[in-house]
Amino acid sequence: MFFGLFKSHPPEASAVPAPVVPAEVPERADALMRRLEWTVIRRLDGLLQGDYRTLMRGTGLDLADLREYQHHDDVRHIDWNVTARQQMPFVRVFTEDREMAAWFLLDLSPSVDFGSGDQHKSQVLRDFVAVLARLISRHGNRVGAVLYGSRGRAAVDAVLPARGGRTQVLRLMQLIQKPAEPLAKSGKKGAPAGATRLSDLLNAATHTVRQRSTVFVVSDFISEPDWEKPLGELARRHDVVAVRLLDPLERDLPDLGLLTMRDAETGEQLLVDTHDAGFRQRFARIAAEREAVLRTSLARAGVDTLELATDDDLADAILRFVDLRKRRSGLRAGLPAHLGVRA
C-alpha cells in the first residue's frame, strides 16, 4: 500500500469516543454546501428529472397511476385487465414509500487523503456525500453517518444519527471537515495511525443501522483483509452501494525519476526508480491484479459499485450511478440486459 502517501497522521488511540453530534454548523460547511448547490445540484436538477427516486429503494408501494408500457418498465407491473381492454400493454405506476434512511459509512483513513492532481480522494468523498445527502434529504428522507478515521485513529470515532433536512447535511459536512485531533499524550506526534480495518466500520454499521436502509460505503478499499464477509452480511439486510474512491496514479505510475513513496497508514518508506520501465510494468500488473480481486470481492458481496476518480466530474459520476441503479432494477425484473439503461 503506497497510497495515501506523503502525509503523516496521529497514532492510534486505545479508546473509542462516544458518538458525536455537533451543536453548531461552521461557516465553511455552509459555504461548501452553497457552492455545491449552485455548481452541482442545480445542474443535476435539470438532468435527473425525477430520477432521484432511483437513488433509494422504498420498503412499500402505493398505486399512483396507469400508463402505456415503455422500454425498461418492470414487466411484473403490467396490468393485464387494462391491457386486454385497451389492446396494448399498460403498467401500474407505483409511488415508493419514502420513509427511508440513507446511511453513509465513511472511510477517512490516511490513504484517502491522497491525490495526484488538483483533488484528493478525501475531497471527492466530501463533495459526493454532500451532494447525495442533500438530494436524498430534501425529498423527505433521513441521512446518517458512521465515520472511520476522522480523528486520525484507525477506529470508528463518530456516529451521526439519521435525521432529515439541510441542517443535518451541514452537520455531516462539519464532521467530515473536522481536522484530526492531536494525540499529545502518546508522545508520537505525526506518527501513522495504523493500517485501516474496513471490517471495523462495517461491523459497527451492523449494530448502528437497525432499520432497513440504503447504505453507501465510501472508501478506497485499501484495507486489511476480511472486510468482504461483513460487507456481504450488511448487503443481506440493507440496500448497499460501494462507492470506491481512486486516483489515476494508483493504476499507472508515470516516469518521475527517483521517488520516495511513503505509506501514511504504516509509515513504511521505499525509494523507487520510476524511470525503470520494468518497475512501472510490474507496478501496473500488480495494480491490475488488485483491481480484479477487488471487483470480484464487491460482486461476490452482492453490492452495486460506483467508482469515483479524483479527475471525475461529480455530476457525471452521479448520473452514472443513477443509470447503474436503473439497469440493476431492470435486470432484477427479468428484462434482457440489452433493454437496460446503458451506463
Side-chain angles (χ1 to χ4, degrees), residues 4 9-22 56 100-113 121-122 125-126 128-129 132-133 136 141-163 168-169 171-178 180-181 183 192-245 265 294 297-298 300-306:
H9 287 255
E12 181 179 0
S14 57
V16 176
V20 175
V21 179
M56 299 179 66
M100 289 283 288
W103 282 84
F104 294 91
L105 310 187
L106 304 180
D107 173 12
L108 299 174
S109 60
S111 64
V112 174
D113 196 12
K121 290 184 287 186
S122 56
L125 176 150
R126 179 200 64 192
F128 172 79
V129 172
L132 213 60
I136 291 171
N141 294 299
R142 294 170 291 121
V143 295
V146 181
L147 280 66
Y148 179 98
S150 63
R151 298 184 180 182
R153 306 177 178 94
V156 174
D157 47 29
V159 176
L160 182 67
R163 294 192 179 94
Q168 175 74 350
V169 180
R171 291 192 185 101
L172 177 54
M173 290 303 97
Q174 179 187 5
L175 282 177
I176 294 175
Q177 295 182 105
K178 188 174 183 180
E181 297 176 354
L183 303 175
T196 298
R197 293 189 57 85
L198 195 57
S199 58
D200 291 349
L201 174 59
L202 299 171
N203 288 326
T206 300
H207 296 95
T208 302
V209 186
R210 297 291 187 177
Q211 184 181 3
R212 176 171 172 80
S213 307
T214 298
V215 177
F216 298 92
V217 183
V218 190
S219 171
D220 57 8
F221 291 89
I222 297 176
S223 166
E224 294 291 296
D226 300 330
W227 54 264
E228 296 89 345
K229 183 178 179 181
L231 180 62
E233 292 174 349
L234 197 67
R236 283 194 288 271
R237 297 179 54 188
H238 304 283
D239 175 22
V240 178
V241 179
V243 182
R244 183 188 168 204
L245 307 169
E265 297 193 347
L294 177 57
S297 298
L298 292 172
R300 188 181 297 121
V303 301
D304 287 342
T305 303
L306 171 66

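Note that this is a predicted model, so its numbers are computed, not measured.
- Looking only at side-chain heavy atoms (C-beta outward), V243 and V241 come within less than 4.5 Å of each other.
- Once rounded to the nearest 0.5 Å, the distance linking CG of L245 with CG of L125 reads 5.5 Å.
- Between F216 and F104, the ring-plane angle classifies as parallel under the 30° and 60° cut-offs.
- Rounding to the nearest 0.5 angstrom, the gap separating the CG atom in L231 from the CZ atom in R300 is 11.5 Å.
- A donor-acceptor pair under 3.5 Å is formed between the side chain of D157 and the backbone N or O of S150.
- The CE atom of M173 sits 7.0 Å away from the CD atom of Q177 when rounded to the nearest 0.5 Å.
- Interatomic distance, L234 CG to K229 NZ, rounded to the nearest 0.5 Å: 14.0 Å.
- Between the side chain of H238 and the backbone N or O of V215, no donor-acceptor pair lies under 3.5 Å.
- Put simply, the side chain of K121 never gets that close to the backbone of D220: no donor and acceptor are under 3.5 Å apart.
- Between V156 and L201 the shortest heavy-atom distance is CG2-CA, 3.8 Å.
- Summarising the geometry of R210 relative to R237, their closest heavy-atom pair is O-NH2, 3.7 Å, with the distance given to 0.1 Å.
- Residues A235 and G302 approach most closely at CB-O, 4.3 Å, considering heavy atoms.
- Panel note: side chain T206, backbone L202; a donor-acceptor pair is recorded below 3.5 Å.
- L172 CG to L106 CG: the interatomic distance, rounded to the nearest 0.5 Å, is 6.5 Å.
- Within the model, atoms CZ of R126 and CG of L108 stand 11.5 Å from one another, a figure rounded to the nearest 0.5 Å.
- With sequence neighbours excluded, the residues satisfying salt bridge (charged side-chain N to carboxylate O under 4.0 Å, His left out) with R244 are E291, E307.
- Here the side chains of L160 and L175 are in contact, with some heavy-atom distance below 4.5 Å.
- Under the ring-ring contact (aromatic ring centres under 6.0 Å, His included) criterion, Y148 pairs with no residue at all, not counting sequence neighbours.
- The side-chain contact (heavy atoms from CB on, under 4.5 Å) check on T208 picks up W103, V146, V159, with sequence neighbours excluded.
- Counting only heavy atoms from C-beta outward, the side chains of S219 and W227 never approach each other to under 4.5 Å.
- In this structure a side-chain-to-backbone donor-acceptor pair under 3.5 Å is present from S223 to T196.
- Formation of a donor-acceptor pair under 3.5 Å by the Q168 side chain with backbone atoms of V143 is found in this model.
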